[in-house]
Amino acid sequence: MQPLLEGRGLVKRFGQVQALRGADFTVFPGEVVALIGDNGAGKSTLTKVLAGAARPDEGGILFEGAPVTLERPTDAQRLGIETVYQDLALAPDLDGAANLFLGRELLRRGLAGRLGVLDKAAMRRRAVDAFARLGVELQDIDAPIGTLSGGQRQSVAIARAVAWADKVVFMDEPTAALGVLQRGRVLDVVRKVRDAGTSVVLISHNMPEVLSVADRVEVLRLGQRVATFTAADTSVEELVGAMTGALDEGRAA
Amino acid sequence: MKMRRTTYAAAVTALSAIAAITGCSDDSDSGGGRKITFIQGVKGDEFYISMACGAQDKAKELGVKLDVTGADKWDASLQTPVVNAVAAKGPDAVLIAPTDTAALRQPEQQLKSRGAKVIEVDTKLDDDSIRETSISSDNEQGGALAARTLAQLMGDKGKVSAISVKPGISTTDARLKGFETEIKKHPGITYLGVQYNDDDPAKAASIVSSTLAANPDLGGIFAANVFSGEGAATGIEQTNKTGQLKLVAFDATPKQVEALRRGSIQGLIAQKPYDIGAKGVEQAVAALDKKQVPKSIATDLVAVTKDNVDQPDVSKYLYKGAC
Amino acid sequence: MSLGETTTDTGPGPGDDAAATTTSTAKSAGEAASSADVKDETVTAPDPRPDLSDTARRLARRLVRTNSAWTFLVLLVLMTAFSIMKPAHFPTTFNLRNVATDAAVLLIIGVGMTYVVITAGIDLSVGSVLVFSGVVAAKTMTGISDVDAGWGPILLGLLAGLAAGAAWGALNGFLVAKAKVPALIVTLGSLGMALGLAQVMTEGQDVRGVPTRLSDTIGNGRVLGVPWLVVIALLVTVLGALALATTRFGRRTYAIGSNAEAARRAGIPVELHLIKVYALCGLLAGLAGILSLARFTTTTIGGHTNDSLGAIAAVVLGGTSLFGGVGTIVGTLIGVFIPAILQNGFIILGVQPYWQSVAVGGVLIAAVYADQLRRRATQRA
């Protein structure tokens, strides 16, 4: 099968620190792939590079088999790649709908639209739909995001990414801040997203979570891909072994 | 709920604060007495405070009520709302020191059309159709007085120069004119001319030191306003010529008087703001009584030196920070 | 791009809480802020709220959240108090018309300042830019014509003044957005430069001889009893308020002030937008300069020293947050009038001039403090 998104030999340096040392990464269509690794393995950097938020010093990115250059996040977005950032990229003073449509505001039809007048009703309606689909419950849809709980903010951030992505959604620790029930919902959402045909890249520390939701697992260590597994054929122990380097030969897939 | 209580409490506080403050001002709308308002050029300035003192004393004497107001800065855009508020209040007469010769025309016109007699004090508009009269110092006479004072301090011989703000200001130009005309009547004195400091004391100081470099035998300096005087005094101190070089400056603020006592200034030409204020009220009442009022009134000035500074008939003209 | 065009979307239906897979391992750094809220995350009971939700309740909630509600009350209290104390002098057409005229210039500056402050910026230079633009306009008019100039030269002068203001604003915006110099420093610099250049152009002498056609109409004329200055200021206010509240430009202004990084990641051209916002502020300062010129018939180079701070105070008084992301033009409108009414009322009452400054300052602090209390209360609710 042709990979949907592929990173090859990616290198990224920050001054003296080399975050990525020739990392590879593959996303196939319609799968949930978990990206795991210890702290400092380069997960966040790899995510940023593949989402257009950072430029690699070396290496290439292929999208549907063709090389692409991602100068900025909007380039990735145009390809249907969205990211839920770990530091929530939301505007706390704006409400849920405004955040969902941040940078992609809907305008009214006709002259008003040409003058830049927003179609707030439509945005609100669609935001309500989008939140409902993900099971995100906001007591007050018009409340600024800053007044919501951390979990609710995370839900809004996920809802936004999912709403706009056709191809790939990167989720950087999407459940870390969530309570048990909300966490379950988010994982459920992840599956639903995949079933609808959008690939999900799940960055996580939580091994049971990874095994329960992911189809495949790719392991990053010291800025390189050291192993890939099929989730159904592996175990927490094996994953931890690959992350820490105790199991260097484990190439199950 | 909590918010409503806060709002309520704050509203009550605001109201009672206003009531408290206004309680201080004796306000009698229904009394038949005449009401006059004095709009200062800038509030907190000793010159205008002294003027307000004179106006207040005269108002008491004549049995009229006087309010004093003014903007925070010498700024036409800040003075205009003040003038408009006074117009709304509807006093019988207004004493005003307009901060611009043109910008205040319309606000003053409005005062007049509301029935107030307008008396301009110290400064005046180019347009003379609004005011009943204007009262200010006879600046030319003040310049002449400065020349005589300086000549006397120098023993009628030596070189003098003058420092002013910049050309084109009616008051300082008149002072210079008076000074130059008078100094030429003293054959023993050579006049070197005037230099301008843009109302910057530091520039005045450097003018003094460079003039001294060119003319080591310079004997006297005339400074045509407050900052020129302050800067010149500094310049003289820096060149260690204090006392040897005689400095006569316009105005008599507390700071200048202190410099006079210290010896870095030898003569001050004091205007009489107190008299200007008193005459302003006097003329306002006269105009209200439909008496003939002169188109302009010039008040004279007084020379203050170390010798006479403590004499009561001189010291009463020194500018005050409070009545 | 499903949200933009259609409603067919990725997820089918709401989640059904099938949460079995959660043996939680705490995440490392960077999550401290949000993990504190974890316990709030109990499921909110599925709200059977109908899609057409209660509009009145939404409106009421929005009103409570509106920061200007409180300050409007202060304004009402002040006006009522003065009206009761001085019924014959304060609440008169004559007086209120004058107060509005006096406030017009500050209001126009305040509208631009509101945009800047909402982006978490500040513009100290507006007072100087106002003077500079007035000088440019006056020089243009007097240069090509004289006191009796027709509308042609006047219009040319007006355009020159507006362009000068917008240029200063764009320069400020460029330095803030591109060169990353703090706005406080940039505008402090341009404050001095604009005033200095105005003085250079005029050699420190106010330009007089402004065409009488200008001063008789815009400066001191009226339409249906309302001064032109007030008409223009209200027009600017209404347009400014609409643009801020209902357009993409306004929405992005809020977004940038709320979280510039989020705006950038969302593909909003943050730098360009900031330049536009500062240019708008400069343009309005230019307009204010022209109105001031028309009104005073002279450039008042030594004046308008308080305008920048006055505008900032009005903006803050109106509930706009200096930290950005929050604010309204209506609030600024109220914020302009509170000090204006206070000063006017006090002078009419005959209160000592020094007390006026004390009261205006006190009300400023009190209003902002009360707003903080209120805001904290709503956040807790």
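Numbered from 1 within each chain, the chains take letters A, B, ... in sequence-line order.
When each of B:G70, B:A87, B:P91 is scored by its heavy-atom pairs under 4.5 Å with chain C, the top score falls to B:A87. Ranked by non-hydrogen atom pairs under 4.5 Å with chain C, the options B:L104, B:V82, B:V86, B:D72 are led by B:V82. Of the listed residues (C:G345, C:S215, C:G303), the one with the most heavy-atom contacts under 4.5 Å to chain B is C:G303.
Taking 4.5 Å as the limit, some side-chain heavy atom of B:Q110 sits within range of a side-chain heavy atom of C:F94. Side-chain contact between B:L78 and C:T305 is present, with at least one heavy-atom pair separated by less than 4.5 Å.
If you measure heavy-atom distances from C:N344 to chain B, the contacts under 4.5 Å come from both the backbone and the side chain. B:R114 touches chain C through its side chain: at least one heavy atom from C-beta onward sits under 4.5 Å away, while N, CA, C and O do not.
Checking C:D102, C:I347, C:N95 one by one against B:N84, the side chain to side chain contact (heavy atoms under 4.5 Å, CB included) holds for a single residue, C:D102.
For residues 286-297 of chain C, a heavy-atom distance under 4.5 Å to chain B picks out C:R295, C:F296, C:T297, given by residue number.
Within 6.0 Å of atom NZ in B:K320, more than 12 heavy atoms from other residues, nucleotides or ligands are found, so the atom counts as buried in its surroundings. Counted within 6.0 Å of NZ on B:K58, heavy atoms from surrounding residues, nucleotides or ligands total more than 12; the atom is thus considered enclosed. The local environment of CZ in C:F72 is sparse, with at most 12 non-hydrogen atoms from other residues, nucleotides or ligands closer than 6.0 Å. Enclosure of atom CH2 in B:W74 by more than 12 non-hydrogen atoms of other residues, nucleotides or ligands within 6.0 angstrom is indicated.
In this structure, OG1 on C:T300 lies 7.5 Å from CG on B:D100, to the nearest 0.5 angstrom. A distance of 14.0 Å separates NZ of B:K89 from OG1 of C:T92, quoted to the nearest 0.5 Å.
The shortest heavy-atom contact between C:T298 and B:A102 is CG2-CB, 4.3 Å. Nearest heavy-atom pair across B:S77 and C:H304 is OG-N, 3.2 Å. Taking both residues in full, the closest heavy atoms of C:Q343 and B:P81 are given as OE1-CB, 3.8 Å, listed atom of the first, atom of the second, then distance.
In this structure B:T101 satisfies the side-chain hydrogen bond (donor to acceptor under 3.5 Å, both in side chains) test together with B:D126, C:R208, sequence neighbours excluded.
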